[in-house]
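Here is the structure we will look at, set down as structure tokens.
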Amino acid sequence: MSALSALPFLKPVHLRSPRSSLGGQRRHTLPASEFRCLSPEDAISVFEIEREAFISVSGDCPLHLDEIRHFLNLCPELSLGWFEEGRLVAFIIGSLWDQERLSQEALTLHKPQGTAVHIHVLAVHRTFRQQGKGSILMWRYLQYLRCLPFARRALLMCEDFLVPFYQKCGFEALGPCEVTVRELAFIEMQHPVRGHAFMRRNSGC
């Protein structure tokens with residue numbers, strides 16, 4: 001059994017859907033709700049959701065298609081997708097970072113020896129927003145990180161208006177981030193990850 005399949009919060013969650021049955025028989029075998037790490041084959045679906053979510057707000061995407069493919073090839077284990085009946089509805093993409101604070105290089109680099117997980121982007125498909133899916137996905141992602149032996153904390157940068165959302169997810173603000181994208185400025189935020197030893201004692205990881 002792989003390490004990922006042993007993690008309870010990445011196993012498919014089967015929820016009965018009224019649309020998935022007809023006369024008491026299932027019309028398909030896809031799970032109604034599933035969480036799994038993303039693969040490079042998911043890159044286009046990821047980019048379509050991200051582009052719609054961010055371009056209308058900031059005029060640009062945190063990750064472009066080639067960068068999405070880059071990270072999903074290098075570190076797919078640091079991503080998490082939420083699928084409804086086989087369709088991607090929300091996702092997180094991360095990579096490892098090896099410094100105390102984020103720098104401009106953190107936008108494109110994956111540092112395999114790092115202990116900080118840099119969360120590049122969280123996005124939800126437009127038809128599934130205002131349903132709490134972003135908060136649920138982030139909670140599951142943080143639970144997942146706690147079972148990775150190398151992860152000690154999660155870092156992200158966001159605009160001011162998103163700070164309350166991430167604070168509700170348990171992140172604390174570290175102050176202004178040195179990273180800028182054109183005229184945009186960001187707040188850097190951090191969430192401690194207690195790590196492998198704690199989770200082995202408490203959750204059977």
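Fair warning: this is a prediction, and the values are worked out from it, not measured in the lab.
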message: Any side-chain to backbone donor/acceptor pair from His118 onto Ala106? Under 3.5 Å, distance only.
response: yes
Practice task
Check for a donor-acceptor pair, side chain of Arg129 on one end and backbone N or O of Gly134 on the other, with a separation under 3.5 Å.
Solution key: no
Subject >> Audit row: Leu148, Leu78, side-chain contact (heavy atoms from CB on, under 4.5 Å) steps and yes/no >> reply: CA-CA 10 Å; Leu148 299 180; Leu78 295 175; 3.8 Å; yes
Interatomic distance, CZ@Arg140 vs CD1@Ile92, rounded to 0.5 Å, equals 11.0 Å
Classify the side-chain pair Gln99/Trp97 by whether it contains a donor and acceptor separated by less than 3.5 Å. no
Across all chains, not counting sequence neighbours, the side chain to side chain donor-acceptor pair (under 3.5 Å) partners of Ser39 are Glu41, Asp42
To the nearest 0.5 Å, atom CD of Gln190 lies from atom CG of Leu156 at 10.0 Å
task: Quick one: sort the Phe171 and His191 rings into parallel, tilted or perpendicular, breaks at 30° and 60°.
output: perpendicular
CG of Leu63 to CZ of Arg51, rounded to nearest 0.5 Å, is 14.0 Å
Original post:
For Gln113, does the CD atom have more than 12 heavy-atom neighbours from other residues, nucleotides or ligands under 6.0 Å away?
Top reply: no
Result for side-chain hydrogen bond (donor to acceptor under 3.5 Å, both in side chains) between His125 and one of Glu52, Glu84, Arg87, Lys133 points to Arg87
Between Arg101 and Glu178 (salt bridge meaning N to carboxylate O under 4.0 Å), is one present in this structure? no
- Message: For Ile136, I'd like to know if atom CD1 has over 12 heavy atoms of other residues, nucleotides or ligands within 6.0 Å.
- Response: yes
